[in-house]
Amino acid sequence: MAEQLVVSDTLHAYLREVSLREDEVLSELREFTAQLPAGAAMQVSAEEGQLLALLVRLTGAVNVLEIGTFTGYSTLCMARALPPEGRLTTCDITDRWPDIAARYWRKAAVDDRIELRIGDARETLDALRLERGAGHFDLVFIDADKSGYLGYYEKSLDLLRPGGLVVVDNTLFFGRVVAPGAQDADTVAIREFNTFLHGDERVDVSMLSMADGITLARKRTA
């Protein structure tokens, strides 16, 4: 049995060459974001964006929820993968970065599929529960403040239909999850979240070592 590969720069370049299908609009947005303070660290990788689009299509998602918009790269990837009647609700604490995102959503002609909500995500999720009821969404992507992950996950699971998928970003958190000296609040929160999810019998779960760690959790139907 093959062990997990260590991905060198050369191998990563090959992976992109034979797999990545990033077009001009996505590339322009990614390059613009990389120039912002901490932009490269906060933005999903191009490969992850492509994976998110594939997951939207694989699940047949029509209603998608995103917690954490930033400059909207992942939003754009998922919105493009939706059917014409599909809708993506994305929420962020500030409109500073989503204002940038909106320009690219319009450029890609998917802005009519995207609803942006600004404010505390916990309040937004509670409002969505009242407005749309439990089980409304087919896929949820969580990529926001790490200390809030467990709370976002619980609310998302309620909003997710049986058989739906929760995708959680940064679950390896720059490798800090296995660094004993890393006791900052964000790292501790991610460790606690990972442990909780591993034992959560309401979902089928798999953590991928791709990018900064991506965890997939499928809500069980019974």
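One is the number of the first residue; the rest follow in order along the sequence. Just so you know, these numbers use all the heavy atoms, side chains as well, and skip hydrogens, waters and symmetry mates.
His12 is listed as a side-chain neighbour of Glu47, based on a closest heavy-atom distance under 4.5 Å. The closest side-chain heavy-atom distance from Glu115 to Arg87 is not below 4.5 Å. Contact annotation: the side chain of Met78 approaches that of Leu139 to within less than 4.5 Å [non-hydrogen atoms, C-beta and beyond]. Contact check for Asp143 versus Phe141: side-chain heavy atoms found under the 4.5 Å cut-off. Proximity of Ile114 to Thr75: side-chain heavy atoms (C-beta onward) are separated by under 4.5 Å at one or more points. Under the 4.5 Å side-chain criterion, counting only non-hydrogen atoms from C-beta, Leu82 is in contact with Leu88. Put simply, the side chain of Phe70 reaches to within 4.5 Å of the side chain of Thr33, judged on heavy atoms. Within the 4.5 Å cutoff, no side-chain heavy atoms of Arg129 are placed close to those of Lys155.
Between the side chains of Glu154 and Tyr149, not a single donor N or O lies within less than 3.5 Å of an accepting N or O.
Listed here is the closest heavy atom pair of Ala81 and Ala53: CB-O, 3.4 Å. Of all non-hydrogen atoms in Ser156 and Ile142, the two that sit nearest each other are OG-CD1, 4.0 Å. The shortest heavy-atom contact between Leu52 and Ser74 is CD1-CB, 3.8 Å. Between Pro83 and Val62, the closest heavy-atom pair is CG-CG2, 4.2 Å. Closest approach of Ile118 and Pro98 over heavy atoms only: CD1-CG, 4.3 Å.
Formation of a donor-acceptor pair under 3.5 Å by the Gln50 side chain with backbone atoms of Arg21 is found in this model. A donor-acceptor contact shorter than 3.5 Å is absent between the side chain of Asp204 and the backbone of Arg220. With hydrogens and angles disregarded, a donor-acceptor distance shorter than 3.5 Å links the side chain of Asp138 to the backbone of Asn63. Asn170 places no side-chain N or O within donor-acceptor distance of the main-chain N or O of Phe173, the cut-off being under 3.5 Å. A donor-acceptor contact shorter than 3.5 Å links the side chain of Thr59 to the backbone of Val56. Lys219 places a side-chain N or O within 3.5 Å of a backbone atom of Leu160 that can act as its donor or acceptor partner. Ser45 contributes a side-chain N or O that, together with a main-chain N or O of Glu48, makes up a donor-acceptor pair within less than 3.5 Å. No donor-acceptor distance shorter than 3.5 angstrom exists from the side chain of Thr187 to the backbone of Gln183, with no hydrogens or angles considered.
Taken from CZ in Arg191 to CG in Leu172, the straight-line distance is 12.0 Å, to the nearest 0.5 Å. Rounding to the nearest 0.5 Å gives a distance of 6.5 Å between OG1 of Thr89 and NE2 of His136. Rounding to the nearest 0.5 angstrom, the gap separating the CG atom in Leu15 from the CG atom in Leu20 is 8.5 Å. For the atom pair CZ (Arg117) and CD1 (Ile67), the distance works out to 12.5 Å, reported to the nearest 0.5 Å. Here SG of Cys91 is found 8.0 Å from OH of Tyr152. Values are rounded to the nearest 0.5 Å. Taking NZ of Lys146 as the reference point, atom CG of Asp186 lies at 7.5 Å (rounded to 0.5 Å).
Atom CZ of Arg132 sits in a crowded spot, with more than 12 heavy atoms from other residues, nucleotides or ligands closer than 6.0 Å. Other residues, nucleotides and ligands contribute over 12 non-hydrogen atoms within 6.0 Å of the CZ atom of Phe196. Within a 6.0 Å sphere centred on CD of Glu24, other residues, nucleotides and ligands contribute 12 heavy atoms or fewer.
Both Val177 and Met207 belong to a common hydrophobic cluster when Ile, Leu, Val, Met, Phe, Trp and Tyr are linked at side-chain heavy-atom distances under 4.5 angstrom. Follow the hydrophobic side-chain contacts under 4.5 Å out from Leu216 and you never reach Val140; the two are in separate clusters. Under the 4.5 Å side-chain heavy-atom criterion for Ile, Leu, Val, Met, Phe, Trp and Tyr, Leu125 and Leu165 are members of distinct hydrophobic clusters. Under the 4.5 Å side-chain contact rule for hydrophobic residues, Phe174 and Val178 share a cluster. Under the 4.5 Å side-chain contact rule for hydrophobic residues, Leu157 and Phe137 share a cluster.
For residues 95-114, the set of pairs meeting the side-chain hydrogen bond (donor to acceptor under 3.5 Å, both in side chains) definition, not counting sequence neighbours, comprises Glu28-Lys107.
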Step-by-step side-chain contact (heavy atoms from CB on, under 4.5 Å) determination, Val203 to Tyr153: CA-CA 11 Å; Val203 296; Tyr153 170 75; 3.4 Å; yes
Stepwise side-chain contact (heavy atoms from CB on, under 4.5 Å) check, Val168 with Ile214: CA-CA 6 Å; Val168 188; Ile214 304 167; over 6 Å; no
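Residues forming a side chain to side chain contact (heavy atoms under 4.5 Å, CB included) with Ser206 (at least two apart in sequence, or on another chain): Leu208.
Of the candidates Asp92, Leu36, Leu76, Thr71 forms a side chain to side chain contact (heavy atoms under 4.5 Å, CB included) with just one, namely Leu36.
With salt bridges taken as basic N to acidic carboxylate O contacts below 4.0 Å, one links Asp23 and Arg80.
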